[in-house]
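Below, each value reflects all heavy atoms present in this structure, side chains not excepted, and no hydrogens, waters or symmetry copies. Since the structure is predicted, the reported quantities are computational estimates derived from the model, not experimental observations.
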Amino acid sequence: MRASRRGARTFLTSSAIVEAIGIEESIVLPGYAALAEDSAAFGVTTDLMREVDAAVRRHRAIVARLRLMYDEAVAAERVSSPRDEALAVLGLAGPDLDADHAANTVGDRDGRRPALVAVAYLVAAAHALTDPTNCGTASPALNLMPPPLHRDRALLEEVLAHTVAATDAATRAELAEHIAAAGAVFADAGHGSDRRLSVLRYNPHSLRTSCRAAGLGELEVCIAD
């Protein structure tokens, strides 16, 4: 049976959706922007740049969808009892939270990371996030989670391969160090709390495998578990 549209959109709590918006806007989109602005330094070809541009459009659409999900999640959380429903009908349920303001509280939002660091965090994020806008059957009761960012993983592995071919050993070692540091951040973020309804699903094996496939090497990249 197909899940309802509303059920699919309100799978995550409002706080988890804020987390998703914050990571998209502070890590994913700035990482792609760094690739676009300094494509030659990363060895990104014209054909590959078209795929990067498509990824930017895709993630902007994800953010727009997440904002709609946020509005629905807030409404669902507030209208949780007959009393709440009555207050809502009377217009006394209180003003909506501002998703823009809420997202600003998540992560580093200054947007001034060096390009190499921004891309490293983007690579790690592709192996640490799910896409809650792309799962019509997501349900905590059935233990079904939104899928990981498979398309981004494949694209960024190709970007890494081009970067490895276009840069010197010192730059590759620095990039590997930043990827390892970003992986450690995501690993720490996923520990010690209830992540069942979070967008974070860090996969160190996937990140390690992707780095090796791109040519960074198993010994160069020490990925945190």
Side-chain angles (χ1 to χ4, degrees), residues 3-39 44 48-78 95-113 115 117-138 140 144-156 159 182 185-186 189-190 195-203:
S4 71
R5 186 165 174 258
R6 179 173 175 80
R9 291 174 70 176
T10 58
F11 168 57
L12 295 176
T13 62
S14 60
S15 60
I17 296 170
V18 166
E19 175 186 70
I21 293 171
I23 294 173
E24 286 283 342
E25 293 189 335
S26 65
I27 293 177
V28 176
L29 286 171
Y32 277 121
L35 277 177
E37 291 167 6
D38 209 3
S39 58
V44 177
L48 197 54
M49 195 62 239
R50 280 193 283 268
E51 294 187 48
V52 170
D53 289 339
V56 170
R57 291 192 295 272
R58 186 168 68 249
H59 281 277
R60 284 176 178 164
I62 286 173
V63 170
R65 179 71 165 168
L66 285 167
R67 293 188 184 281
L68 293 175
M69 291 169 64
Y70 174 83
D71 290 341
E72 287 199 353
V74 168
E77 288 165 7
R78 285 183 175 158
D96 285 342
L97 291 174
D98 183 349
D100 287 320
H101 173 74
N104 283 335
T105 66
V106 182
D108 173 14
R109 309 251 323 148
D110 62 16
R112 305 304 301 170
R113 289 194 188 98
V117 177
V119 171
Y121 268 80
L122 170 63
V123 170
H127 298 271
L129 303 177
T130 64
D131 177 6
T133 70
N134 185 29
C135 192
T137 59
L144 298 174
M145 300 305 300
L149 302 179
H150 289 302
R151 293 173 66 181
D152 295 273
R153 290 181 181 185
L155 170 58
L156 292 170
V159 167
V185 169
F186 282 113
R195 311 304 303 180
R196 289 176 298 171
L197 299 185
S198 171
V199 296
L200 289 177
R201 286 293 182 277
Y202 175 60
N203 188 335

For P132 and V199, the nearest pair of non-hydrogen atoms, with its separation, is CG-CG1, 3.9 Å
Considering all heavy atoms, the nearest A118-A34 contact: CB-CB, 3.9 Å
Side chain to side chain contact (heavy atoms under 4.5 Å, CB included) between L129 and D152, intermediate numbers included: CA-CA 10 Å; L129 303 177; D152 295 273; over 6 Å; no
Should V18 and L66 count as side-chain neighbours, where that means a heavy-atom distance under 4.5 Å? no
What are the two closest heavy atoms between A189 and L200, and how far apart are they? CB-CD1, 3.7 Å
Starting at CD of E72, measure out to CZ of R67 and round the result to the nearest 0.5 Å. 15.0 Å
Looking only at non-hydrogen atoms, find the nearest pair between D38 and A115 and report the distance. OD2-CB, 4.3 Å
Please find the pair of heavy atoms, one from P148 and one from R153, that lie closest to each other, and give the distance. CB-NH2, 3.4 Å
Minimum side-chain heavy-atom gap L149-R58 below 4.5 Å: no
Does V63 reach the side chain of V28, with side-chain heavy atoms less than 4.5 Å apart? no
Value rounded to 0.5 Å, distance of CG in L122 from CG in L29: 9.0 Å
Tell me if the CZ atom of R60 is crowded by more than 12 foreign heavy atoms within 6.0 Å. no
How many angstroms lie between atom CD of E19 and atom CD of E24, to the nearest 0.5 angstrom? 11.5 Å
So CE of M69 and CD1 of I21: to nearest 0.5 Å the spacing works out to 9.0 Å
Mind checking the CD1-CG spacing from I17 to D71? Nearest 0.5 Å is all I need. 9.0 Å
Which class fits the ring pair Y121 and F186: parallel under 30°, tilted 30 to 60°, perpendicular over 60°? tilted
Using side-chain heavy atoms (C-beta onward) and a distance below 4.5 Å, is L156 in contact with Y32? yes
